[in-house]
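Before any comments, here is the structure.
The structure displayed is predicted, hence computed values, not measured ones. Every chain is numbered from 1 and lettered A, B, ... according to where its sequence line falls, protein lines coming before strand lines.
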Amino acid sequence: MDKLILIDGNNIIYRAFFAMPPLTNASGQQTNAVYGFTTMLLRLIEEHKPTHMMVAFDAGKETFRHADFQEYKGGRQKTPPELSGQFPLLKELLKGLGVSQFEIGGYEADDIIGTITRQADEAGRKVMVVSGDKDMLQLASEHTTIAMVRKGVTEIEYYGPEQIKERYNLTPDQIIDLKGLMGDASDNIPGVPGVGEKTALKLLHEFGSVEAVVSRTDELKGKMKEKIEEHADSAILSKKLATIFREVPLEQSLDEMAFTGLNEETAGPALAKLEFKSLIERLNLSTSGAAGDAAESKPQAKIDVTLVDATGIAEVADHLAQVTVLHVETHGDNPHHADVIGLALATEERQYFIPFDVLKSEEAEPVRAWLADSEIPKRGYDLHRIDLALHWQDIAFAGAAFDVHLAAYLLDPTESNQTLSGLASKYGLAYLQADEDVFGKGAKYKVPEVEKLSEHMARKCLAVSELVPVQEKELAANGMLPLFHDLEMPLSRILADMEKQGIAVNAEDLKELGREFEGQIEKLVQEIYEIAGTEFNLNSPKQLGEILFVKLELPVIKKTKTGYSTDAEVLEKLAPYHDIVRLILQYRTLAKLQSTYVEGLLKEISSVTGKVHTYYRQTIAATGRLSSQYPNLQNIPIRLEEGRKLRKVFVPSEPGWSILAADYSQIELRVLAHISDDERLKEAFVHDMDIHTKTAMDVFGVGMDEVDSNMRRSAKAVNFGIVYGISDYGLSQNLNITRKEAAAFIDQYFEVFQGVRRYMDVIVKQAKQDGYVKTLLERRRYLPEINASNFNLRSFAERTAMNTPIQGTAADIIKLAMVQMDKALHERQLKSRMLLQVHDELVFEVPEDELEVMKELVPDVMSQALKLSVPLKSEVSYGENWYEAK
DNA sequence: GCACTCACG
DNA sequence: ACGTACGTGAGTGCG
């Protein structure tokens, strides 16, 4: 049986363009729309296995519709140049793939498609039309299905006459009547003003057609009657414009649309030209032009998952040795408090789903023993989260060997959709429903009936097993296997250990601190109200702005998108004008401490352990750093004394133990010295000099004794700027000087540190050439905007190119230190525990009798974690709480 | 759900 | 000329 797929080329490429991030290839050519189009095309081929396929494009500016209505599609935004440049790429690629394309002068893609569907209807052939344009629904028939593309190009809804009836209670013919009444802003079709979808549907359900509505206005009343009568002509014309013309003089025959699979000779090279490497791998194509493996469209695997009850466990236990992949479904953002829904296991042949209550049953002991066995390698998605969720249900997990979530992060740390479903679609695996679609979101979350649930779980397992070999290949090709297997995978287990351990918080002291803040806050609030002469919500920047800039007429320093800016920088500048400003600044400081740190932290103290258990996320930061949530323990105050006191409530969890903290000294500048190979910078660190003073000496050309505090402060700001990817504007902001002065500073700096200048030049050039930058340990970050024509986008990408190798290598190093530290603690059988990581600092709790050892061991391991051309320095301190360990 | 503000490295 | 310093998470107000 023939099966025809007709694609509305213009519509889909537009949608893909706006839905996809602005991906570019190495030469700076943007390819995102072509990529989005192609992934959708491949998915359609896999899922529907068409015998015929065709992509239709609009041709020519004027179509016959303009004869009726000059303004047709008027007022529409000009096609962005970034998109129009992709049309030729798409057309060339389609040629390479062996997919036919039609365009006929004076007609739009819909007309071509409409004509073919009419012919197919007459011949009784099955057709599927792919578009995101609702107009296409008018073509639906017994033989013609409309595949409506939604949410960019990631989802497809199928409409036949029945579905249209269900959704609109209309026949396909009536879709044009709907548009006749509603109009369409994007095509500049007027319709009847004031009539939207709701009204239009009501009218059509009553009258049946536009013609009937306008001829029977006597049956209407009031405003509605007036509007319809006044715009009757417009409605009729709009309907005509919306009607797809189905009599295009086509010369092509059905044979020209025949599709027997991707052209093996040319598909690979065509994709390679666009640098769609993941697609080539996924299709198993050769890029040399010689035929590779046949690009068979992969049938969606049939699923016959076994739902396991207590009596079925025995069978599962018999097959545990063959299990290749597991999935544990959890619910909740915070894995320390997540519900466990169930466990799915997959062998080469079959899948099992074990609901949570069954997993907890006595019979399931063999399965739990299997989960806990660190010698059994396990593969899955986000095993770190799974480990934590199971832990709090008293189920042990060990043996994580390949986590596809982590692998996906390394392959592209900026990918925003890192869900398994997203990965399945990105890598072109069998379609996997999004969790949101299966479970619902937020308050609507609901575990579906068990058949549906177990099938989804099994499909997740299948997605993981398909993903593993593909990712492994890509990691290998990028030289990232060691980073993955020797650093990130082991680290993920170590993080889980730290998180389960948690850090003890003295709740009583914290509450007492809260009472002190409370008293000061109340006093400040009263004073502020008195000076302002009115009470208002101090936490509302909008209301505060009114008071400061309208009532008190203070000068406006800076504006935000929505009004006056009242941030600390502005308030500092306003302080000399009015006494109230200092008080507001003090209030802000205390209110922050109170709400975020006192109240926020108290809420996070576990009723089970009396500790806080943060959750380190390993797949968030684009540079390779960790991030910390629930609570964030990487931003506990330290810079101001008032806030720093909070650190006193972080204490050892055992009597007599100490908190020991060690931090890297100037790790980022040391990394820069190494990467840039700058002689002066290296020399400074070899001699372990105060780097900011040394910078001041060199930049200002003075001796050590002549460096005053101001010079040192400036030099410090320049050093920060260098690490961030310097700009004169940024430095001028930071130092409160003019841009010119800042530019002069930077020039002077680069005069002295020429190696650093060379590094900045080279790294940006490299990024422009390769499209990515990398760290010492081969961690990558793609910079799609590095060749953008937009100054801001491009400049941002350039600064990122300078910063990421520095920040990222520093992240690599402390991660290495953590893995080595964990090993050292185990080997020496120490009782000390690693608790926290704060980017360049590690925090431990240490028993009395290990203090002497740890004081040496920790800085030793940290400073030896990676050998650079300059020494790494780690400084250690300890005390009875985190405050004392300074 | 976004804007603003502010805590950290 | 353009106008942001790099990387994060959390609390509050407001539509």
Inset, instruction - For G721(A), answer base if it contacts any base atom (sugar-phosphate contacts may also be present), sugar-phosphate if it contacts only those atoms, and nothing otherwise; contact means non-hydrogen atoms under 4.0 Å. - result: base
Inset, instruction - Send over the distance from N803(A) CG to dG9(B) P, rounded to a whole Å. - result: 16 Å
Inset, instruction - Round to a whole Å and report the spacing from CD of E875(A) to C1' of dG9(B). - result: 15 Å
Inset, instruction - Assign the ring pair F650(A) / W882(A) to parallel, tilted or perpendicular, where the plane angle (0 to 90°) is split at 30° and 60°. - result: perpendicular
Inset, instruction - Give the nucleotide from the list dT12(C), dT5(B), dC6(C) with an atom nearest to the side chain of P541(A). - result: dT5(B)
Legend entry - Nearest-neighbour nucleotide for the R781(A) side chain, dC4(B), dT12(C), dG7(C) considered: dG7(C)
Inset, instruction - Calculate the interatomic distance between L538(A) atom CG and dC6(B) atom P; express it in whole Å. - result: 12 Å
Legend entry - Distance test, side-chain N/O of S540(A) to OP1/OP2 of dC14(C), below 4.0 Å: yes
Legend entry - Protein-nucleotide distance (I746(A), atom CD1; dA5(C), atom P), rounded to Å: 15 Å
Legend entry - Separation of atom NZ in K441(A) from atom P in dG1(B), rounded to whole Å: 5 Å
Inset, instruction - Would you classify F796(A) as touching base, sugar-phosphate or nothing, given that sugar-phosphate means primed atoms plus P, OP1 and OP2, and contacts are heavy atoms under 4.0 Å? - result: sugar-phosphate
Legend entry - Sugar-phosphate only, base, or nothing, as touched by A591(A) at under 4.0 Å among non-hydrogen atoms: nothing
Legend entry - OP1 or OP2 of dT12(C) under 4.0 Å from side-chain N/O of N537(A): no
Legend entry - Per K592(A) side chain, nearest of listed nucleotides dT4(C), dC6(B), dT12(C): dC6(B)
Inset, instruction - Could you give the distance separating dC4(B) and dA5(C) at their P atoms, to the nearest angstrom? - result: 13 Å
Inset, instruction - Tell which nucleotide pairs with dC2(C), taking only Watson-Crick or G-U wobble pairs whose two distances are both under 3.5 angstrom. - result: none
Legend entry - Separation of atom CD in Q543(A) from atom C1' in dG13(C), rounded to whole Å: 9 Å
Inset, instruction - Under the ring pair (Phe, Tyr, Trp, His ring centres under 6.0 Å) rule, what do H331(A) and F439(A) come out as? Steps first, then yes or no, please. - result: CA-CA 10 Å; H331(A) 175 234; F439(A) 296 96; 7.9 Å; no
Inset, instruction - Taking only the side-chain nitrogens and oxygens of R588(A), find out if one of them lies under 4.0 Å from OP1 or OP2 of dA7(B). - result: no
Legend entry - dG13(C) phosphate, OP1 or OP2, under 4.0 Å from N539(A) side-chain N/O: yes
Inset, instruction - Looking at every strand, decide which applies to A717(A) at a 4.0 Å heavy-atom threshold: base, sugar-phosphate, or nothing. - result: base
Legend entry - Minimum-distance nucleotide (side-chain atoms of E599(A) versus dT5(B), dC6(C), dT12(C)): dT12(C)
Inset, instruction - Figure out the CZ/P separation between R794(A) and dA5(C), and round it to whole Å. - result: 18 Å
Inset, instruction - Examine dG9(C): is either OP1 or OP2 under 4.0 Å from a nitrogen or oxygen in the side chain of T596(A)? Give yes or no. - result: no
Inset, instruction - Within residues 619-650 of chain A, find the residues that approach DNA chain B with a heavy atom at under 4.0 Å, and present them sorted by residue number. - result: R625(A), Q634(A), N635(A), I636(A), P637(A), I638(A), R639(A)
Inset, instruction - Identify which one of R625(A), E488(A), K815(A) satisfies the side-chain hydrogen bond (donor to acceptor under 3.5 Å, both in side chains) criterion when paired with Q618(A). - result: E488(A)
Inset, instruction - Rounded to whole angstrom, note down the P distance from dT4(C) over to dT5(B). - result: 15 Å
Legend entry - Side-chain donor/acceptor of S795(A) to base of dT4(C), under 3.5 Å: no
Inset, instruction - Please tell me which of the listed nucleotides, dC4(B), dA5(C), dT12(C), lies nearest to the side chain of Y724(A)? - result: dA5(C)
Inset, instruction - Choose from dT4(C), dC2(C), dT5(B) the nucleotide whose nearest atom is closest to any side-chain atom of T560(A). - result: dT5(B)
Legend entry - Presence of T562(A) side-chain N/O under 4.0 Å of dC4(B) phosphate oxygens OP1/OP2: yes
Legend entry - Intermediate values then yes/no, side-chain contact (heavy atoms from CB on, under 4.5 Å), F844(A) and M821(A): CA-CA 11 Å; F844(A) 300 80; M821(A) 216 33 245; 3.6 Å; yes
Legend entry - Option from T804(A), T800(A), D412(A) for which side-chain hydrogen bond (donor to acceptor under 3.5 Å, both in side chains) with R781(A) holds: T804(A)
Inset, instruction - Report yes if at least one side-chain N or O of K542(A) is closer than 4.0 Å to OP1 or OP2 of dT12(C); otherwise report no. - result: no
Legend entry - Point-to-point distance, once rounded to the nearest 0.5 Å, from CG of D812(A) to NZ of K774(A): 12.0 Å
Inset, instruction - Show your reasoning for whether ring pair (Phe, Tyr, Trp, His ring centres under 6.0 Å) applies to Y615(A) and H384(A). - result: CA-CA 10 Å; Y615(A) 171 45; H384(A) 175 188; 5.4 Å; yes
Inset, instruction - Calculate, to the nearest 0.5 Å, the distance between atoms CD and CG belonging to Q837(A) and L633(A) respectively. - result: 11.5 Å
Inset, instruction - Assign V838(A) to base, sugar-phosphate, or nothing according to its heavy-atom contacts below 4.0 angstrom with the strands shown. - result: sugar-phosphate
Inset, instruction - Kindly say whether, by distance alone, the side chain of R739(A) makes a donor-acceptor pair under 3.5 Å with the base of dG3(C)? - result: yes
Inset, instruction - Indicate, with a heavy-atom threshold strictly under 4.0 Å, whether D840(A) touches base, sugar-phosphate, or nothing. - result: sugar-phosphate
Inset, instruction - Could you give me the CA-CA distance, side-chain angles and deciding distance for H578(A) and I531(A), then say whether side-chain contact (heavy atoms from CB on, under 4.5 Å) is met? - result: CA-CA 10 Å; H578(A) 205 292; I531(A) 299 176; 3.5 Å; yes
Inset, instruction - Answer yes when K694(A) and D690(A) have at least one side-chain N-carboxylate O distance shorter than 4.0 Å, and no when they do not. - result: no
Legend entry - Whole angstrom value for the distance that separates C1' of dC6(B) from CG of L571(A): 12 Å
